[in-house]
Amino acid sequence: MKSINLVLLLPVYGFALNSSLLSSVARVRTRPHSTISSSPINHRTSFLRSSEETKASDIDAVPEAEDETQNDETTASKRQMMGFALPALGIFLANPLLSNIDNSFVGKTVGTQGLAALGPATICTDQMLYLFTFLSRAATGLVSRAYGSKTEDHEKNEAAAEAGSAPLTVALVSGFVLTAVYALLTPKMLSALNVTPALRGPAASYIYWRGAISWAALAQSVCLSVMLATRDAITPLKIVGMAAVVNVFADYFACVWPLRLGCSGAAAATSFATLFSCGFMIKALKKKGILPKIRMPTKKELADLTEFTGPLLAITITRLIGFVSMQSKAMTLGVKHTAAYQMSINLVIFYLLFAEPLSQLSQTRLPALVDSNDTKGVLANLKSVLVLGGGTALTVGAIAGLSLFFGSSLFSSDLGVQALAKQASPAVFLTVLTAIFAVTVDGAMLASRDFGFMLTQGTLTMLLQLFLLKNWCSSISQVYATFTLRLGSYAAVSLLRVFSGFGPLGRVIRGKKKQGGAIV
């Protein structure tokens with residue numbers, strides 16, 4: 001139970017840290033007619049502000065009253081941002097939190113063998129589902145745009161439900177296909193990953209349980225996005241929080257007492273919690289009047305769905321290949337190395353989510369500044385976010401390394417696994433530090449829609465990582481070093497591109513004017 005207490009305390013540190021960061025951002029002095037807000041709030045804020053700016057241009061005789069109104073709106077927007085961002089952060093942290101809960105129970109009740117089996121099992125489940133994150137991202141954009149285009153509450157709800165129909169339908173269809181794939185091809189997947197025969201049994205049992213509810217997992221992610229896009233982060237946070245509590249009790253029931261089902265028990269507990277969460281999400285959407293209908297999407301809806309997600313899917317695939325290759329290399333080092341890697345990678349993924357609010361800040365503020373060719377605004381926003389990103393990276397990276405070094409005994413009783421985890425803690429520190437800063441930079445690149453560069457650079461750094469994994473790595477620390485090098489080089493080249501005046505952001509910073517509606 002000590003391990004559970006530690007895992008449950010981690011989000012508390014996260015909320016405190018990110019609250020401080022967001023407060024710092026809120027204190028940054030902004031230019032007139034601009035605010036820093038979270039994405040679901042930004043559309044509404046922009047709509048209100050555009051109408052007020054029009055009025056202000058017609059009433060030049062009251063500049064002081066206008067400034068006072070803008071200051072009040074800026075303060076309100078900052079409060080809205082923090083009120084939305086903090087609950088949203090809790091939601092983002094939920095999935096890796098549940099993974100660490102599974103690791104804790106399996107490591108303590110089954111031992112090194114069971115913990116090692118979770119490595120290939122999570123590749124086939126969590127990493128596979130990660131490929132479909134473009135659906136939830138698309139749902140957020142489509143629903144937010146539709147919801148913000150209406151004025152009356154009932155019109156907003158109808159528009160949100162209509163816009164969420166295509167993503168939810170595609171998510172359910174994709175989920176059922178995945179369920180069939182897991183049911184039929186799990187042994188072949190484990191064989192293709194060269195999983196040690198002794199680990200295939202417990203790994204397969206975990207995959208079968210998780211794969212059976214793939215449709216619910218994808219539907220839940222889209223439902224969550226629909227709710228967030230309608231400016232409600234509290235309701236989904238409550239649901240996700242209840243699901244986490246259910247997961248803990250189900251893990252205890254299935255892994256400790258009265259059942260001792262090992263990996264199967266942990267997977268069954270997570271599956272039950274997913275169904276619980278999905279059911280309550282649907283109930284909440286129906287109560288709010290924004291539950292999307294399941295129907296065949298039109299050609300236009302499918303085109304809208306793929307317009308933004310096409311390049312993002314390609315970028316996601318290159319990043320997923322890197323994660324899978326790291327896991328595969330760790331499995332070739334031995335059972336104890338695999339167990340230690342599984343323990344550490346879940347902590348890494350957990351702490352990487354602390355970069356998400358920084359990425360969102362860029363994605364909500366920069367697009368309008370780039371479109372208006374606001375050089376000073378872009379520079380001010382970019383510099384503020386990069387400074388915050390650097391401070392966050394150093395702080396959270398140190399916490400991640402210390403958590404692994406001093407907390408390894410809470411996840412495994414095997415002294416050999418604990419020793420390997422402690423040896424990897426400096427590498428984990430550097431990995432998390434570099435990754436958080438790289439995600440911060442990545443948010444700015446996403447905001448400017450510099451997809452061609454992102455895909456090219458992502459592919460090149462992926463190839464570099466694959467080469468190093470194949471020809472250089474012989475320890476967990478070296479596996480993490482390839483990831484650090486990949487993300488560090490991506491961040492460095494991206495910043496060099498921007499401050500050298502190339503790409504959408506670079507051209508704005510260089511002060512190049514728009515011609516024909518486009519920045520040149």
Side-chain angles (χ1 to χ4, degrees), residues 1-16 86-111 114-115 117-119 121-122 125-126 129 202 205-213 216-217 220-221 224 234-281 283-284 339 342-351 353-354 403-404 406-413:
M1 296 303 293
K2 293 166 70 176
S3 58
I4 301 172
N5 292 334
L6 175 67
V7 173
L8 292 177
L9 281 173
L10 289 175
V12 177
Y13 301 130
F15 280 116
L86 292 178
L89 177 63
I91 295 169
F92 291 138
L93 293 175
N95 189 55
L97 174 61
L98 296 182
S99 295
N100 278 293
I101 291 173
D102 282 350
N103 281 351
S104 178
F105 274 103
V106 171
K108 284 294 188 179
T109 60
V110 181
L115 194 59
L118 289 182
T122 53
T125 53
D126 293 335
L129 292 174
S205 66
Y206 187 92
I207 295 170
Y208 284 134
W209 274 103
R210 293 287 305 277
I213 52 91
Q220 173 195 241
S221 67
L224 172 62
I234 299 298
T235 301
L237 177 62
K238 292 178 180 178
I239 295 173
V240 170
M242 289 190 297
V245 173
V246 168
N247 200 139
V248 172
F249 280 102
D251 267 323
Y252 185 86
F253 178 84
C255 297
V256 180
W257 184 88
L259 305 176
R260 296 183 63 88
L261 300 178
C263 292
S264 297
T270 300
S271 299
F272 179 74
T274 301
L275 292 172
F276 175 91
S277 177
C278 183
F280 273 86
M281 287 281 185
K283 182 180 179 180
Q342 178 64 21
M343 180 196 307
S344 59
I345 192 62
N346 275 300
L347 284 175
V348 168
I349 293 172
F350 178 85
Y351 283 111
L353 291 175
F354 289 94
S403 297
L404 184 62
F406 292 105
S408 59
S409 61
L410 301 175
F411 292 91
S412 176
S413 301

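Below, each value reflects all heavy atoms present in this structure, side chains not excepted, and no hydrogens, waters or symmetry copies.
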| task | Taking all heavy atoms of Val106 and all of Leu115, pick out the closest pair and write down the distance. | result | CG1-N, 3.7 Å
| Hey, does the side chain of Ser277 reach the backbone of Ala273 with a donor-acceptor pair shorter than 3.5 angstrom? | no
| Nearest heavy atoms of Ala217 and Leu129, plus distance in Å | CB-CD1, 4.1 Å
| request: Tell me, please, which residues at least two apart from Ser221 pass side-chain contact (heavy atoms from CB on, under 4.5 Å). | output: Ser136
| request: Measure across Ser344 and Leu404 and return the closest heavy-atom pair with its distance rounded to 0.1 Å. | output: CB-CD2, 3.7 Å
| note | Minimal heavy-atom distance between Ala216 and Leu275, with the atoms involved, is CB-CD2, 3.7 Å
| Can you name the closest pair of heavy atoms from Ala284 and Ile239 and give their distance? | CB-CD1, 4.1 Å
| Taking only residues two or more places apart in sequence, or in another chain, which ones meet Phe253 in a side-chain contact (heavy atoms from CB on, under 4.5 Å)? | Pro258, Leu259
| task | Side-chain contact test, heavy atoms from C-beta onward, threshold under 4.5 Å: evaluate it for Thr122 versus Arg210 and give yes or no. | result | no
| Considering residues at least two apart in sequence or located in another chain, which fulfil the side-chain contact (heavy atoms from CB on, under 4.5 Å) criterion with Val348? | Ile345, Leu352, Val428, Thr431, Val432, Tyr480
| task | Begin with the C-alpha distance, continue with both residues' side-chain angles, and end with the deciding distance and a verdict on side-chain contact (heavy atoms from CB on, under 4.5 Å) for Thr270 and Asn247. | result | CA-CA 6 Å; Thr270 300; Asn247 200 139; 3.5 Å; yes
| request: State, to 0.1 Å, how close Trp209 and Ala267 come at their nearest heavy-atom pair, and which atoms those are. | output: CB-CB, 3.5 Å
| note | Here the gap from Leu224 atom CG to Leu237 atom CG, rounded to the nearest 0.5 Å, amounts to 10.0 Å
| query | Excluding sequence neighbours, so at least two apart, what forms side-chain hydrogen bond (donor to acceptor under 3.5 Å, both in side chains) with Ser271? | reply | none
| query | Sequence neighbours excluded, which residues qualify as side-chain hydrogen bond (donor to acceptor under 3.5 Å, both in side chains) partners of Thr109? | reply | none
| field | Met281 side chain reached by Val240 side chain, heavy atoms, under 4.5 Å | value | yes
| note | The ring pair (Phe, Tyr, Trp, His ring centres under 6.0 Å) partners of Phe280 (sequence neighbours excluded) come to Phe276
